[in-house]
Amino acid sequence: NSSYLKTIREFEQIAPAPEFENIMTRLKAMTDKFETAATRVKEFDNQELHDLVGRRLYEMAADIVMSHLLLQDATRDADLFRKSLNVYVNFTESEVEKHAQFISRVTPDDIENYRIATEEKNPE
């Protein structure tokens, strides 16, 4: 419903300390990937596809939000949060990329592949 995206875009309006401008630029790029992925899923208008990728979308949003919160903390106290911010943003960037790649390739036609794999794993 775009509430996570709205919150993230609001966080982008909070100016970071000058030394963290590059982090904000990276976070904005990650948010663009999240938005592209969410839009792609919505365009299919397929609940099963949304169910398949929903956790990935949620993880992308959650990692970006946490990165913004760490950025805000680092802006207030760089000595205390600088290292954590850099480590977590590196992690977030790789996670967002991983999920964005998956979502960019999966289609409703793929759902059957996942359904069969699940049914084979859990026979009744």
Side-chain angles (χ1 to χ4, degrees):
N1 67 10
S2 302
S3 61
Y4 291 122
L5 182 60
K6 182 179 180 225
T7 299
I8 293 167
R9 293 297 186 196
E10 289 172 2
F11 283 152
E12 291 177 353
Q13 303 307 309
I14 301 170
E19 70 182 289
F20 300 124
E21 286 289 338
N22 65 325
I23 298 287
M24 179 63 83
T25 300
R26 290 168 63 192
L27 288 173
K28 287 178 180 179
M30 288 183 250
T31 302
D32 291 343
K33 288 180 181 186
F34 169 69
E35 183 174 20
T36 298
T39 299
R40 182 172 191 276
V41 172
K42 286 179 189 175
E43 287 173 352
F44 278 113
D45 193 28
N46 182 300
Q47 186 59 48
E48 284 186 294
L49 181 67
H50 190 274
D51 293 344
L52 179 64
V53 301
R55 179 183 55 82
R56 291 169 178 88
L57 288 168
Y58 177 79
E59 287 180 7
M60 291 170 79
D63 287 335
I64 294 168
V65 166
M66 185 62 185
S67 294
H68 272 285
L69 294 175
L70 275 169
L71 175 58
Q72 292 170 25
D73 287 341
T75 294
R76 283 189 292 276
D77 189 343
D79 291 338
L80 187 58
F81 292 101
R82 178 184 295 109
K83 289 180 181 180
S84 295
L85 173 64
N86 283 299
V87 167
Y88 198 79
V89 168
N90 286 339
F91 166 79
T92 298
E93 207 162 37
S94 66
E95 288 295 296
V96 166
E97 184 63 32
K98 174 181 73 174
H99 293 316
Q101 287 295 316
F102 179 84
I103 293 168
S104 74
R105 289 179 173 85
V106 70
T107 68
D109 294 337
D110 295 319
I111 292 170
E112 186 64 27
N113 297 326
Y114 290 90
R115 187 178 299 121
I116 291 169
T118 301
E119 289 172 1
E120 289 173 357
K121 186 176 178 183
N122 300 314
E124 304 226 5

Answer yes or no for R76 and F81: cation-pi contact, defined as NZ/CZ to six-membered ring centre under 6.0 Å and angle to ring axis within 45°. no

Evaluate the side chain to side chain contact (heavy atoms under 4.5 Å, CB included) criterion for residues H99 and S94: first the C-alpha distance (whole Å), next the side-chain angles of each, then the deciding distance (0.1 Å), finally the verdict. CA-CA 9 Å; H99 293 316; S94 66; over 6 Å; no

Please determine which of T92, T31, I103 meets the side-chain contact (heavy atoms from CB on, under 4.5 Å) test together with M60. I103

Can you confirm whether Y58 is buried at OH, in the sense that more than 12 heavy atoms of other residues, nucleotides or ligands lie under 6.0 Å from that atom? no

Can you tell me if CG on D45 sees more than 12 non-hydrogen neighbours from other groups inside 6.0 Å? no

Taking it one step at a time, do E43 and R40 satisfy salt bridge (Lys or Arg N to Asp or Glu O under 4.0 Å)? CA-CA 5 Å; E43 287 173 352; R40 182 172 191 276; over 6 Å; no

Separation of E10 CD from E12 CD (nearest 0.5 Å): 10.5 Å

What one should report as the nearest heavy-atom pair of L49 and P108 is CD2-CD, 4.1 Å

Side chain to side chain contact (heavy atoms under 4.5 Å, CB included), that's the test. Do N90 and R26 meet it? Break it down for me. CA-CA 10 Å; N90 286 339; R26 290 168 63 192; 2.7 Å; yes

List the steps, then state whether salt bridge (Lys or Arg N to Asp or Glu O under 4.0 Å) holds for R56 with E59. CA-CA 5 Å; R56 291 169 178 88; E59 287 180 7; over 6 Å; no

Heavy-atom pair with the smallest gap, counting every atom of L71 and L85: N-CD1, 3.6 Å

Between V87 and L69, is there a shared hydrophobic cluster once you connect ILVMFWY residues whose side-chain heavy atoms come closer than 4.5 Å? no

Any side-chain donor near an acceptor of the partner, K33 and S104, under 3.5 Å: no

Work out which heavy atom in P16 is nearest to a heavy atom in T75; give both atom names and the distance. CA-OG1, 3.5 Å

